[in-house]
Number of protein chains: 2
Amino acid sequence: MAKERLFDLKKDGATRIYRKTTSGIRVGMKEISLRNGKKIAVYDTAGIYGEDYYVVNPRKGIPKVREEWVRGRGENTKTQLWYARNGIITPEMEYVALRESQDAPEDERITPEFVRKEVAEGRAIIPANHRHPETEPMIIGRNFLVKINANIGNSALGSDIDAEIEKALWAIKWGADTVMDLSTGKDIHKTREAILRNVPVPVGTVPIYQALEKVSGVIENLTWKAYYETLIEQCKQGVDYFTIHAGLLRKHLPCALNRTTGIVSRGGSILAKWMEHHQQENFLYIHFEDICELLKKYDVALSLGDGLRPGSIADANDEAQFGELKTLGELTRIAWKHDVQVIIEGPGHVPMNKIKENMDLQLEYCHGAPFYTLGPLVCDIGAGYDHITSAIGAAMIGWYGTAMLCYVTTKEHLALPNRDDVREGVVTYKIAAHAADLAKGHPGATRRDLEMSRARYDFRWTDQFNLSLDPERARKFHLEMIRNSDVDYCGMCGPHFCAMRISKSIKNGD
Amino acid sequence: MAKERLFDLKKDGATRIYRKTTSGIRVGMKEISLRNGKKIAVYDTAGIYGEDYYVVNPRKGIPKVREEWVRGRGENTKTQLWYARNGIITPEMEYVALRESQDAPEDERITPEFVRKEVAEGRAIIPANHRHPETEPMIIGRNFLVKINANIGNSALGSDIDAEIEKALWAIKWGADTVMDLSTGKDIHKTREAILRNVPVPVGTVPIYQALEKVSGVIENLTWKAYYETLIEQCKQGVDYFTIHAGLLRKHLPCALNRTTGIVSRGGSILAKWMEHHQQENFLYIHFEDICELLKKYDVALSLGDGLRPGSIADANDEAQFGELKTLGELTRIAWKHDVQVIIEGPGHVPMNKIKENMDLQLEYCHGAPFYTLGPLVCDIGAGYDHITSAIGAAMIGWYGTAMLCYVTTKEHLALPNRDDVREGVVTYKIAAHAADLAKGHPGATRRDLEMSRARYDFRWTDQFNLSLDPERARKFHLEMIRNSDVDYCGMCGPHFCAMRISKSIKNGD
């Protein structure tokens, strides 16, 4: 763990505040104080780390905010989907309603009943394993703020546990709504435990990676038993959602293998290899109801993996991809039958003109279950800049209705991200998600932009920094040029050519 | 000028090649040699700098590729629009036809006649001042590759001439199709001269900046005479296109001044102030025909400035913005009457859901003249990342039909860009423009992506680097993790979890 303080809201003119729901649940937010006396509350993923007094101690873990609610529901606690369908508004639902609304005008605020209805109808999920009470409730659905996920995790080539916790906290500091631990190297269990006990956001995994480690990395030796044991282990640990590639079937393979870039999903390629070797159907498909039976006991959400997502513009929207998507739709209905919450994973590499078709077919085939996409990347030749290549597609598909965007870092296709890459990736995706919120007209989404624009027009530089998604960087760039933030012009145009200054002088009749 | 070699194609497995048109005109391109023996020709903006033998010498200037053509047309040389309308295919038109087509399949190639027709009908321009024969012909129009512009130029706060030339060459190295010199500091004339004599791409300016310097920066003292003299000076120097804010009228001001961020165009604010002070109509509007008469003598293209582009999400698509756009449409017809080539400048800050309306209205109001937009930025809170905030909007509006995208750097709203910022901004915009070309289905646009994807699937790492828009960065990121590029996996997943390797092994029956 680095010595410096990872979280320091004060530096950015902010504090962690709590607003209470009608039944008294405290919902954490970040409040930015502006120089003109205004205060603006914004969505915040920092959790307890946003508290000034809180000293980070990964060995101890963070407080368990949901512990009482889970205990209150007793041993027979059900999934959020079950409660929603049975007309019960859980504390989690109440929490997210207030969390989503922030300072929206009263008549536009999201109600707990609206949350319940969205969850009940499968259009949104609240990932919240009973065994992960550290999570602050959050919701993933197209009628809510667009969320982003940051992937972390070691590989055989690098990183250790402390570095992974730090990456997770770092991702959360910059605004990641969930993190996925994609570790494939050593100490998978310990790494995951450390992450789960230290993050206030839902954690996702791809269990087949660990299952494969259990059979020494030999794909042919994978068994349903090894996989199922892994699921149980991870359910008990508190993982909130699993990527499960149960929709990849033998019939999809001929088309997939003849593509320009074949199969680019790790999980997908593993299962394809297994099926070809054993000449048997995907065991995740065969045992899908068993998986649902297990997941519902812990309320682990299903993230149905797109093993056949296109890895190149040439393969976008092909028969293999959409064939699998249809199967994911069938599986969605089965999971819902078991009251298991579901999201659907999506591409990949897709040119802009083919993005909307992805969203439309996903909604149609998967009965409105939330979509969770990786980008998509809108071209193939942006290596070294693929956070941008993918943010373009991500913003668009977010606007079209995708509920959560999985970030892509500058290192995509090339190497594992380091700390700086995680920050760059997360902030880039916050921009994409926020742009989508604006385009969708999410209640109150424009408030922060409006305050930012007013601060610009007033030359309140400190407020501009603090209202930015990355205050540190904005401040740094400005001060490198101007050296103080008390001037009524910027470093781009200098004092004599400031359009806003001239514009104001006209209005004021100077 | 930095000591290291700015351009070195060999390092990226490439060479400068020339393809000949039917009439023998040599068109420069970059050819990338792949490890599998294939060669792929790509659009190249480096000009003579791409030649291995060429030694950069800013004092000497670069060869004048268009000199003979211009001289051949004699003293009465006309604008490209005039020739096009009179059925004449100029060498410039022939050049761009081949330059745009690259290796596209024969039946999809762009013909010189198609170029002529697009120019004749005002849907495209070839910016090519007779006095700037250093320019390699290029075309801006929605039925051609989407182009990008990089702004450079000093301000009162920083930079000198050498640094500006270097920034211009640097921008061209990374793929800028035109550069705009927006200098407002000292040595405006000399800086521009140095840039013009050293770049193989069209150069644009905003003449009002220099006109204002001529009256010691006192807006009230601006006169048509001072402005007109500036135009003559810059026409003679060889500037290829001028941003002229002639569409900003007094009637637009009340609405503009009541916006959240007022007027954010420097030129726009200057003219607004002048109009308010003198209580007179915009002198650029009054003297518009005189401007056209002058510009057509040199074939300087008009870039009709959007003085009222929105500077915030709150101001997007408002009455002020679209009111001015309508006036730009009237002016377009007048310019065309004089055979002056025209492009139209566009926003600014626009949420994704309002971008298409901009494109549609621009086409309608401005009779199909090419659109040239700044971004647009899809939210206001991305300070420090506004190359990304704006690339999202740029890619989208490029797909919808914008012909040229003006880059925005990471420093936008905060400071002037340095060398690294220019590189980051240009490559980001190459991605946006290329994504738009793919989405529009430009002939041959997918070739490079296809070769990249094949190189990925074959683990030809060197080819992947060389096919990237920034080979240096791609190589650096990969080698930091892997240390050699002769492996059949990548640093993200490590050797055991490479999806593409597994996928190939299935296909090969391993």
Side-chain angles (χ1 to χ4, degrees), chain A residues 155-157 184 217 257 260-266 269 272-273 276 312-314 351-353 378-385 388-389 392 395 399 411 414-416 428 431 434-435 438-439 448-450 452-453 457 468-470 473-474 477-478 481 491-492 494 496-497 499 502-503 506-507, chain B residues 155-157 184 217 257 260-266 269 272-273 276 312-314 351-353 378-384 388-389 392 395 399 411 414-416 427-428 431 434-435 438-439 448-450 452-453 457 468-470 473-474 477-478 481 491-492 494 496-497 499 502-503 506-507:
Chain A
S155 79
L157 299 177
T184 58
L257 295 173
T260 300
T261 45
I263 301 174
V264 298
S265 148
R266 286 193 279 184
S269 69
K273 179 101 183 173
E276 279 291 291
S312 56
I313 293 296
M352 283 190 286
N353 57 318
V378 293
C379 73
D380 299 328
I381 59 174
Y385 297 79
I388 298 171
T389 317
I392 294 168
W399 170 31
K411 296 281 171 70
L414 300 167
L416 276 180
T428 298
I431 288 171
H434 181 65
L438 290 180
R448 190 166 174 177
D449 298 76
L450 188 60
M452 178 69 155
S453 300
Y457 202 56
S468 298
L469 290 167
D470 184 345
R473 181 184 282 192
F477 283 177
H478 178 81
M481 190 114 186
M492 291 189 74
H496 304 307
F497 277 89
I502 298 169
S503 172
I506 304 171
K507 198 176 171 190
Chain B
S155 80
L157 299 177
T184 56
L257 295 172
T260 300
T261 45
I263 301 175
V264 298
S265 148
R266 284 193 280 185
S269 68
K273 178 100 182 173
E276 279 291 291
S312 57
I313 293 297
M352 283 190 287
N353 58 318
V378 294
C379 75
D380 299 328
I381 59 174
I388 299 171
T389 317
I392 294 168
W399 169 31
K411 297 280 171 70
L414 300 167
L416 276 180
V427 178
T428 298
I431 288 171
H434 181 64
L438 290 181
R448 191 168 175 175
D449 298 77
L450 188 59
M452 178 69 155
S453 300
Y457 202 55
S468 298
L469 289 168
D470 184 343
R473 182 183 283 191
F477 283 177
H478 178 80
M481 189 115 187
M492 290 188 74
H496 305 306
F497 277 88
I502 297 169
S503 172
I506 304 170
K507 200 178 169 188

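Everything quoted here is computed from the prediction, not taken from an experiment. Throughout, protein chains are lettered first and strands after them, A, B, ... in sequence-line order, and every chain is numbered starting at 1.
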Side chain from CB out, backbone as N, CA, C, O: work out which of these in [X] comes under 4.5 Å of a heavy atom of chain A, or both, or neither.
| X | answer |
| --- | --- |
| B/Ala272 | both |
| B/Met352 | both |
| B/Ser265 | backbone |

Sort out for me which of [options] touches chain A most, counting heavy-atom pairs under 4.5 Å.
| options | result |
| --- | --- |
| B/Ala435, B/Gly262, B/Ala474, B/Ser269 | B/Ser269 |
| B/Thr260, B/Val378, B/Thr261 | B/Thr261 |
| B/Ile431, B/Asp380, B/Leu469 | B/Asp380 |

What's the shortest heavy-atom distance between [X] and [Y], and which atoms?
| X | Y | value |
| --- | --- | --- |
| A/Leu450 | B/Ala314 | CD1-CB, 3.8 Å |
| A/Asp449 | B/Cys379 | OD2-CB, 3.5 Å |
| B/Phe477 | A/Gly384 | CE1-O, 3.7 Å |
| B/Leu257 | A/Ile506 | CD1-CG2, 3.6 Å |
| A/Ile392 | B/Ala395 | CG2-CB, 3.6 Å |
| B/Leu414 | A/His478 | O-ND1, 3.5 Å |

Please round to the nearest 0.5 Å and tell me the distance separating atom [atom1] of [X] and atom [atom2] of [Y].
| X | Y | atom1 | atom2 | result |
| --- | --- | --- | --- | --- |
| A/Ile388 | B/Thr428 | CD1 | OG1 | 3.5 Å |
| A/Ile381 | B/Arg448 | CD1 | CZ | 4.5 Å |
| A/Ile313 | B/Met452 | CD1 | CE | 11.5 Å |

Subject >> Residue list, side chain to side chain donor-acceptor pair (under 3.5 Å) with B/Ser503, at least two apart or on another chain >> reply: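 In terms of side chain to side chain donor-acceptor pair (under 3.5 Å), with neighbours along the sequence ignored, B/Ser503 is linked to B/Tyr457.
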Original post:
Can you list the residues that meet the side chain to side chain donor-acceptor pair (under 3.5 Å) rule with B/Asp470, with sequence neighbours excluded?
Top reply: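 By the side chain to side chain donor-acceptor pair (under 3.5 Å) rule, B/Asp470 matches A/Tyr385, B/Arg423.
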Original post:
Among A/Lys507, A/His434, A/Lys273, which residue forms the greatest number of heavy-atom pairs with chain B at distances under 4.5 Å?
Top reply: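 Most heavy-atom pairs within the cutoff with chain B belong to A/Lys273.
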